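Everything below concerns the one structure shown next.
These values consider heavy atoms only, across backbone and side chains, with no hydrogens, waters or symmetry-generated copies. Note that the structure is a prediction, hence the values are computed from the model and not measured. Just so you know, ligand 1 is whichever comes first in the structure, and atom 1 is the first atom listed for that ligand.
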Amino acid sequence: MLEVLKSLEELLDARATCDTDDGLALYKIALVPTMGALHDGHISLIKRAKELGQVCFVSIFVNPLQFGPNEDFNNYPKSLEEDIAKCKELGVDYVFVPKESDIYPAGRENTKIVKGDDDLSHRLCGRSRVDHFDGVCTVVKRLFELVRPHIGVFGEKDYQQLLIIKAMVKEYDMDIEIVNCPTIREASGLAMSSRNKYLSESERELASNIYKELKIIRVEIKNASDLEARKNYLGFAKHQLESLGIQIEYLEEFKSRIFVAAKIGKARLIDNIAL
Ligand code: AMP
């Protein structure tokens, strides 16, 4: 039976029932952190969490700390009732819907982890979204401390985030296995995202070119003779997408993947592909 936990107290009570009175684990606990507006990408993570763990927690919290001042925090899509219904159907045990004060008891800024100048947080998305990964790490660390999962499940759609969370778990010596799930896409190839709700029908169609181009890039990069040729091809591909009317923030090779961030209408979209 699904239980919706709307406060820290409810979460801690529910979590305590997963341990013996002496604090020994009775069950393997899997957590899927989300910002809600659940789609098939989130659902694939929940299914994986159900396979790997015995008790499945899903958190739904639109984390203010990971949004920049001119970003979409106030308009971020919300569909809590539908989200809860989806979780129920999937056999989730607990949906944790914390209040901001549950996550940031001492206030946002006082709780914030600052990642400093590490290599991962300040490239790709970190260049334009300067505090974004500090905000992500802060909320994930807090959720990990409260829920104390054995497994945390994350999507490869946000591959940079996945790498940063793996690094954070290592840095803080957290005994949590981070599991990645492949990107779930629309039939058109467009990576599913809560932010796709911002797209009109024609923008959605335009957005499907991002993944089409990533697949072409993968072939071209494999065939490229050297680093220079690879770089040149990426420049060409960026130009191709821009000529369709897609504004490209970056299109880069990093750690044997191609990463892209693009703006279409009101939506900032990201995607990546393994080479
Ligand atoms: P969000 O609600 O956008 O913060 O995402 C919550 C989790 O779902 C993150 O681990 C994301 O990487 C993952 N996720 C989002 N979109 C997809 C997708 N299309 N396929 C797989 N995982 C996804």
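The contact set between ligand 1 and Phe154, taken as ligand atoms under 4.0 Å from a residue heavy atom, comprises 10 (O). Taking every non-hydrogen atom of Asp158 and a distance limit under 4.0 Å, the qualifying atoms of ligand 1 come out as 11 (C), 12 (O), 15 (C). Of all atoms in ligand 1, numbered sequentially from 1 with element shown, those under 4.0 Å from a heavy atom of His39 are 15 (C), 16 (N), 17 (C). Taking a cut-off of under 4.0 Å to the non-hydrogen atoms of Pro33, the atoms of ligand 1 that pass are 6 (C), 7 (C).
Nearest to atom 5 (O) of ligand 1 by heavy atom, out of Met35, Arg185, His42, Met192, is His42. In the candidate list Ser59, Ser194, Ala37, Pro182, Pro182 is nearest to atom 21 (C) of ligand 1, counting heavy atoms.
Of the possible donor and acceptor atoms, none in the side chain of Asp19 sits under 3.5 Å from a partner among the backbone N and O of Ala16.
Annotation: salt bridge (Lys or Arg N to Asp or Glu O under 4.0 Å) contacts involving residues 161-179, sequence neighbours excluded, comprise Lys115-Glu171.
Annotation: Phe144 is not in aromatic contact with Tyr172 [ring centroid separation under 6.0 Å not met]. Checked against a 6.0 Å centroid threshold, the rings of Phe236 and Tyr233 count as neighbours.
In terms of protein heavy-atom proximity, atom 13 (C) of ligand 1 is nearest to Leu45 CD2, 3.6 Å. When hydrogens are left out, the protein atom nearest atom 20 (N) of ligand 1 is Ile184 N, 2.9 Å; that is the closest non-hydrogen contact. Looking only at heavy atoms of the protein, atom 23 (C) of ligand 1 is closest to Lys157 CB, 4.0 Å.
Taking distance alone, with nitrogen or oxygen atoms compared against 3.5 Å, Gly155 approaches ligand 1 more closely than that limit. Between Val153 and ligand 1, no N or O atom pair is found at a separation short of 3.5 Å.
For Arg195, the heavy-atom gap to ligand 1 stays at 4.0 angstrom or more.
Ring geometry for Phe61 versus Tyr104: interplanar angle of 30 to 60°, hence tilted.
Listed here is the closest heavy atom pair of Asn63 and Gly135: ND2-O, 3.0 Å. What you find for Ala49 and Ala30 is that their closest heavy atoms are O-CB, 3.6 Å.
When side chains are defined from C-beta on, Phe259 counts as touching Asn272, because their heavy atoms get closer than 4.5 Å.
At a heavy-atom distance under 4.0 Å, no atom of Val32 approaches ligand 1.
For Lys78, the NZ atom is densely surrounded, since the number of other residues' heavy atoms within 6.0 Å is greater than 12.
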